[in-house]
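The chain is numbered in sequence order, starting from 1.
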Amino acid sequence: MKFINVFILSALLFSCTGKTDTQQESKNSAESVEQSTSPKDENLELGTLSEINFGETLKVTGMIDVPPQNKSIISTFMGGYIVKTPLLIGDKVSKGQLLVTLENPEFVELQQNYLELGEQLTYLKSEYERQQTLFDENITSEKNYLKSQSDYKSNLARYNGLKRKLQMLNISPDRVSSGAMVSTINLYAPIEGYVTKVNVSNGTYVSPNDVIMEIVDTEHIHLELSVFEKDIMRVKKGQRIKFQIPEASNEVFDADVHLVGTTIDETTRRVKIHGHVDNESNQFIVGMYVSADILLSDELALGLPKTGIISNDEGDFVFIATKSNSDDYSYTKVKVRLGRQNETSAEILNSDDLDGKSIVIRGASELLD
């Protein structure tokens with residue numbers, strides 16, 4: 001009977017001890033890592049530790065713009081009626097491409113004046129040369145000679161002026177001289193780019209200097225940022241810029257300070273900063289609002305985006321992803337210690353634990369479900 005009691009007591013003790021060890025092991029595992037296996041969700045993004053600048057930054061705003069030479073306003077030197085405008089906003093145009101055609105009887109009068117003046121010039125030149133010969137031989141007076149000279153040169157100046165005006169209106173003086181006059185003129189694209197404004201339609205009368213349309217070449221876009229007067233002394237050429245287009249995307253783009261303005265706007269007390277964008281192939285649109293951070297100092301450290309960090313009462317965690325097979329991933333929950341932080345990233349102090357590991361850097365919260 002004693003033997004049986006001892007056996008039962010031993011079995012009970014062993015059962016309790018085994019249960020306690022199992023519970024403790026499970027608890028320790030929960031504190032360090034937790035594993036789960038599931039297909040990779042499309043909302044998850046994997047990455048690794050990367051160097052992030054946790055130095056001082058300056059928040060500024062601005063817009064996407066292009067240099068002045070990449071923007072062209074189309075207008076006319078003489079008024080006229082629009083008879084042809086084949087382009088719409090968004091159309092791409094090549095340099096020298098036809099934009100609009102204008103018609104006006106004044107174009108014909110200009111060509112008539114040019115022809116008539118050309119005929120008069122032939123006579124005046126002949127008379128001037130004759131008077132010069134007579135004056136050299138003391139046959140005519142100096143007064144007659146100077147008058148013929150004045151008539152010829154003044155008409156020559158008018159003739160050349162009309163010729164240049166025809167060229168500015170894209171009318172060939174040579175064709176006019178041969179008798180081929182036109183009642184319309186064509187305006188051509190001075191640069192390659194995209195049509196951003198069209199202010200006319202067929203039949204519209206445009207006066208000189210009216211804006212007919214606008215063309216913008218987006219091959220070289222830049223940032224036009226505004227910095228308050230109190231901060232401008234800390235901004236230097238070459239400093240890095242991280243910027244976003246809040247209304248269009250959450251993606252962060254890179255640029256650098258290229259020029260710092262030297263005048264302060266009297267109304268806003270701000271200074272303009274010109275920034276060069278690293279990757280100009282992005283489809284930015286001129287006029288987009290920009291929110292940017294100018295990196296005033298460099299303090300690099302290994303870190304992760306905050307979208308990959310889970311914080312709760314137990315601490316801060318990340319998920320390490322290990323590919324199990326072609327479809328499934330194993331996610332291991334690992335505790336991390338955070339250091340310096342900015343709006344988007346956090347420094348990882350125990351970076352050695354994550355070195356070379358594939359980490360969920362976006363959508364980590366979905367793995368808690």
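- Y145 and Y128 have parallel rings, their planes meeting at less than 30° on a 0 to 90° scale where 60° marks the start of perpendicular.
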(request) Apply side chain to side chain contact (heavy atoms under 4.5 Å, CB included) to L117 and Y159, showing your working. (result) CA-CA 6 Å; L117 200 55; Y159 176 82; 3.9 Å; yes
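- Contact check on R340 versus E347 returns a salt bridge, with a Lys/Arg side-chain nitrogen under 4.0 Å from an Asp/Glu carboxylate oxygen.
- Identified under the salt bridge (Lys or Arg N to Asp or Glu O under 4.0 Å) test for residues 151-164, with sequence neighbours left out: K147-D151.
- In summary, E56 and R234 engage in a salt bridge, as defined by a charged side-chain N under 4.0 Å from a carboxylate O.
- Q112 and E116 are not linked by any side-chain donor-acceptor pair at a separation below 3.5 angstrom, with hydrogens and angles left out of the test.
- With salt bridges taken as basic N to acidic carboxylate O contacts below 4.0 Å, one links D65 and K71.
- Looking only at atom types and distance, the side chain of E214 has a donor-acceptor partner in the side chain of T196 under 3.5 Å away.
- A distance of 6.0 Å or more separates the ring centres of H222 and H258.
- In this structure, H220 and H276 have perpendicular ring planes: the angle between them is above 60°, well past the 30° mark.
- With hydrogens and angles left out, the side-chain atoms of D316 and S311 include a donor and acceptor closer than 3.5 Å.
- A side-chain N or O of T268 and one of D265 form a donor-acceptor pair less than 3.5 Å apart.
- Taking Y188 as the reference, nothing meets the ring-ring contact (aromatic ring centres under 6.0 Å, His included) condition, with sequence neighbours excluded.
- A side-chain N or O of N186 and one of T101 form a donor-acceptor pair less than 3.5 Å apart.
- Looking at K59 and D293, a side-chain N of the basic residue comes within less than 4.0 Å of a carboxylate O on the acidic one, giving a salt bridge.
- Between I215 and the options I74, N70, D91, a side chain to side chain contact (heavy atoms under 4.5 Å, CB included) holds for only I74.
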